[in-house]
Amino acid sequence: MQEEAVPAPRLSVVIPTYNRLALLDRTLGSLARQDLPPSEVEVVVADDGSSDGTAELVRSYTDRLRLRYHFQEDLGFRVAAARNGGARLAIAPVLAFLDTGVIVGPGWARAHLEAHADGRRHAVLGYCYGYNPANPFREMEGLVDTLPPEEVVRRFINVPAFQDMRLPDYERVGFDPGRMAMPWVFLWTLNFSLRTADFWAVGGFDEDFTDWGVEDIELGYRLHANGTAMTASRAGWGIELPHERAHDEAAVSIMRNCQRFLDRHPGVQTELYWAVSSRGLIDPLEAEWEDLLAWTAAVKDQDAADELLEHTRDLVDRPGDPVRVAVFGCGGRLPAEWASANVRFTLCDFDAGALRWAVDTAPVTIDGSLQVCGMRTPWPDRHFDVVVVTSRLAGGLWSRWGDHVLAEAKRLGGEVRVLGPEHW
């Protein structure tokens, strides 16, 4: 008698883990309580080299979950590679990611599948209660060990400290991240899903991210750039269980990965993300972007040509090897006197239109150009002989980020030429 073929799962859930046996047990236990048949939800545990009995724990769930197990050798923190390895085993058309230590309610898988039922290209950002590393919600610690997750949510649903950290931003846009300029900043692997084809269309996670943090946001950035929308789901919720964190190490790791992110995708938005992250902030990013757009509009017609000539007059006829000069805030018109300059100019401006016009009408060959403010750039230390900062960066931009701009100018150039803020 021929055995009946097992239908393909509708959803594959990838869970990366490393020596977190107890937390993984809780996550798998919550997935075993889904209100869908177990055959419809495939769970892939992606093990980054655990030595605590993780494989045995996974085997203990084979009678309750449709399971696959991916193991990679412990070569240091490689969660991006682990997630990709797990995703390669996944066979469902919809792919979800959960972090170890996130427990979900019985309707979690159904909610994510229903969000993808219309076939749209979007990443569904599942709500995550209790996630606030800097200020954890201690009141739930005992209850999450004794009550099912849906009862924990029922008890604390109206407590502000229990809410997803992203809630204020979601509420500002009517729970539609698509109305944000940078919705990718909220794609967190705690709890999200997308079509498997969309995940692989951008190459999955960047495995060069080998420190903690930012690799999920970088994936969100590429998905967004590739036309994948971001939506939020309160129905597809999870709860992050309290656990210890190495905050100082995490802060250092995040900044390393923020720099890696910026190096991969240089531009105004990623530069602003780096600058905001360097101050330990997340929520103000959209507001900072709106402020930058307002400043861009305010100086749209501001000409920096005379100021640039004043800063560089002594370089125009200088003999010898060409001087390498970077300009922060070049504006749309360059000095005509630059036509005879023995200088290799690199132009930067936060206004894409002004930068493009400056390059197109330049009286001298331009060595390079980049749309950035100057807070952080991808060039190495001492890449330029001189860095010129113009008054187009004055006002709100300078008062907020002037310290970053000056620090970056000093890092890049042997000499920095800038009119002091007292002149602005």
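Just so you know, residue 1 is the first one in the sequence shown, and it goes up from there.
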Got a donor-acceptor contact below 3.5 angstrom from the [X] side chain to the [Y] backbone?
X      : Y      : value
Arg382 : Lys410 : yes
Ser30  : Ile103 : no
Ser193 : Ala96  : no
Thr196 : Ala92  : yes
Gln34  : Trp108 : yes
Asn84  : Gly204 : no
Thr390 : Gly329 : yes
Thr100 : Pro16  : yes
Asn257 : Asp211 : yes
Asp206 : Leu219 : no

Between Ser391 and Gln302, a side-chain donor and acceptor under 3.5 Å
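Side-chain D/A pair, Ser391 to Gln302: present.
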Donor + acceptor pair across side chains of Thr270, His265 (<3.5 Å):
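No - no donor-acceptor pair under 3.5 Å links their side chains.
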Please enumerate all residues that pass ring pair (Phe, Tyr, Trp, His ring centres under 6.0 Å) together with Tyr127, with sequence neighbours excluded.
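In terms of ring pair (Phe, Tyr, Trp, His ring centres under 6.0 Å), with neighbours along the sequence ignored, Tyr127 is linked to Tyr129.
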Looking at [atom1] of [X] and [atom2] of [Y], how far apart are the two atoms once the value is rounded to the nearest 0.5 Å?
X      : Y      : atom1 : atom2 : result
Ile366 : Asp360 : CD1   : CG    : 10.5 Å
Leu315 : Leu309 : CG    : CG    : 10.5 Å
Thr210 : Phe77  : OG1   : CZ    : 9.0 Å
Gln371 : Asp349 : CD    : CG    : 8.0 Å
Phe175 : Thr231 : CZ    : OG1   : 11.0 Å
Arg417 : His311 : CZ    : NE2   : 9.0 Å

Can you name the closest pair of heavy atoms from [X] and [Y] and give their distance?
X      : Y      : value
Cys330 : Leu355 : SG-CD1, 3.8 Å
Ala109 : Leu11  : CB-CD2, 3.8 Å
Val41  : Arg66  : O-CB, 3.5 Å
Leu334 : Pro363 : CB-CD, 4.0 Å
Asp48  : Val79  : OD2-N, 3.9 Å
Gln163 : Ile157 : NE2-O, 2.6 Å

Salt bridge check: are [X] and [Y] linked by an N-O gap of less than 4.0 Å?
X      : Y      : answer
Glu286 : Arg172 : no
Glu215 : Arg83  : yes
Arg10  : Glu40  : yes
Glu288 : Arg279 : no

Taking it one step at a time, do Ile91 and Arg68 satisfy side-chain contact (heavy atoms from CB on, under 4.5 Å)?
CA-CA 10 Å; Ile91 61 174; Arg68 290 174 181 262; 3.7 Å; yes
Are [X] and [Y] close enough that some pair of their side-chain heavy atoms sits under 4.5 Å apart?
X      : Y      : answer
Ile15  : Leu31  : yes
Glu240 : Asn191 : no
Phe384 : Asp367 : no
Pro149 : Arg33  : yes
Val364 : Val343 : no
Leu292 : Cys373 : yes
Val94  : His112 : no
Arg411 : Thr377 : yes

I want to check a possible cation-pi pair here: Arg392 against Phe350, using under 6.0 Å from ring centre and within 45° of the ring axis as the test.
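Relative to the ring axis of Phe350, which defines the angle, Arg392 lies inside both limits.
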Face-on cation placement of Arg166 at Trp188 ring, 6.0 Å and 45° thresholds
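Judged by the rule, Arg166 and Trp188 form a cation-pi pair.
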So which pairs with a foot in residues 320-343 pass side-chain hydrogen bond (donor to acceptor under 3.5 Å, both in side chains), sequence neighbours left out?
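Listed by first then second residue: Asp303-Arg333, Thr312-Trp338, Arg324-Asp385.
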Quick check: Phe261 with Trp184 (ring centres under 6.0 Å apart)?
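Yes, the ring centres sit under 6.0 Å apart.
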Quick check, are the ring centers of Tyr221 and Tyr273 under 6.0 angstrom apart?
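No, too far apart.
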Which word best sums up how the rings of Phe162 and Phe156 line up, parallel for under 30°, tilted for 30 to 60°, or perpendicular for over 60°?
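Tilted.
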So with a 6.0 Å cut-off around CH2 of Trp357, is the heavy-atom count from everything else above 12?
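For Trp357, atom CH2 is not crowded (no more than 12 foreign heavy atoms under 6.0 Å).
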Within the supplied structure, the quantity of interest is the number of heavy atoms (other residues, nucleotides, ligands) at a distance under 6.0 Å from Arg344 CZ; does it exceed 12?
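At most 12 heavy atoms, drawn from other residues, nucleotides or ligands, come within 6.0 Å of this atom.
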Verify side-chain contact (heavy atoms from CB on, under 4.5 Å) between Glu150 and Trp237, making sure each step is shown before the conclusion.
CA-CA 10 Å; Glu150 58 271 26; Trp237 57 264; 4.2 Å; yes
Which is it for Val14 and His70 under the side-chain contact (heavy atoms from CB on, under 4.5 Å) test, yes or no, and what are the steps along the way?
CA-CA 10 Å; Val14 177; His70 165 76; over 6 Å; no
Trace of the side-chain contact (heavy atoms from CB on, under 4.5 Å) decision for Trp289 with Met180
CA-CA 10 Å; Trp289 176 250; Met180 296 178 173; over 6 Å; no
For the salt bridge (charged side-chain N to carboxylate O under 4.0 Å, His left out) test, which of Arg222, Arg121, Arg120 pairs with Asp198?
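For Asp198, the salt bridge (charged side-chain N to carboxylate O under 4.0 Å, His left out) test succeeds with only one of Arg222, Arg121, Arg120, which is Arg121.
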